**Q** 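Please read through the structure below; I'll follow up with questions.
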Amino acid sequence: MSHQQPMTESSSALESIVVRYENQSDRCTITPEECSDIERLTAWLSADMDAFVDLETAR
C-alpha cells in the first residue's frame with residue numbers, strides 16, 4: 001500500500017545538494033527548490049549521507 005501524497009499548491013519540490021569531504025562523512029542538504037534567499041536561510045535540513053536510505057530498499 002502506497003502512502004504517497006500528490007503534490008498540491010502548498011507542496012514544493014525539493015532540491016538536494018551533496019558536499020563531499022575527504023576526511024569526514026559527506027553531507028546532504030535538502031532545501032525547497034523554489035524559495036527566496038531569506039527563506040533558504042531557515043528552510044533546509046542537513047545530514048550525513050549515511051543517514052539516508054534508498055526509498056525502494058526501505059519499502
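Just so we're clear, the structure is a prediction, and the values are computed from it rather than from any experiment. Note that the numbering runs from 1 along the sequence shown for the chain.
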**Q** So which heavy atom on Y21 is nearest to which on D26, and how close?
**A**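 The answer is N-OD1, 2.9 Å.
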
**Q** Out of curiosity, C35 SG to L41 CG, how far, rounded to the nearest 0.5 Å?
**A**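 Reported value, rounded in 0.5 Å steps: 9.0 Å.
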
**Q** Return all side-chain donor-acceptor pairs below 3.5 angstrom for residues 48-55, not counting sequence neighbours, or 'none' if the list is empty.
**A**
from	atom 1	to	atom 2	distance (Å)
D48	OD1	R27	NH1	2.9
D54	OD2	E56	N	3.2
D54	OD2	T57	N	3.1
D54	OD2	T57	OG1	3.1

**Q** Quick check on I38: does its CD1 atom have over 12 non-hydrogen neighbours (other residues, nucleotides or ligands) under 6.0 Å away?
**A**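 At most 12 heavy atoms, drawn from other residues, nucleotides or ligands, come within 6.0 Å of this atom.
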
**Q** Has Q24 got more than 12 heavy atoms of other residues, nucleotides or ligands less than 6.0 Å from its CD?
**A**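 Yes, CD of Q24 has more than 12 neighbouring heavy atoms, counting only those of other groups under 6.0 Å.
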
**Q** Mind listing the closest non-hydrogen atom pair of I30 and S16 along with its distance?
**A**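 Smallest heavy-atom distance, with atoms named: CG1-CB, 4.3 Å.
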
**Q** To the nearest 0.5 Å, tell me how far E22 CD sits from R20 CZ.
**A**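 That separation rounds to 12.5 Å.
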
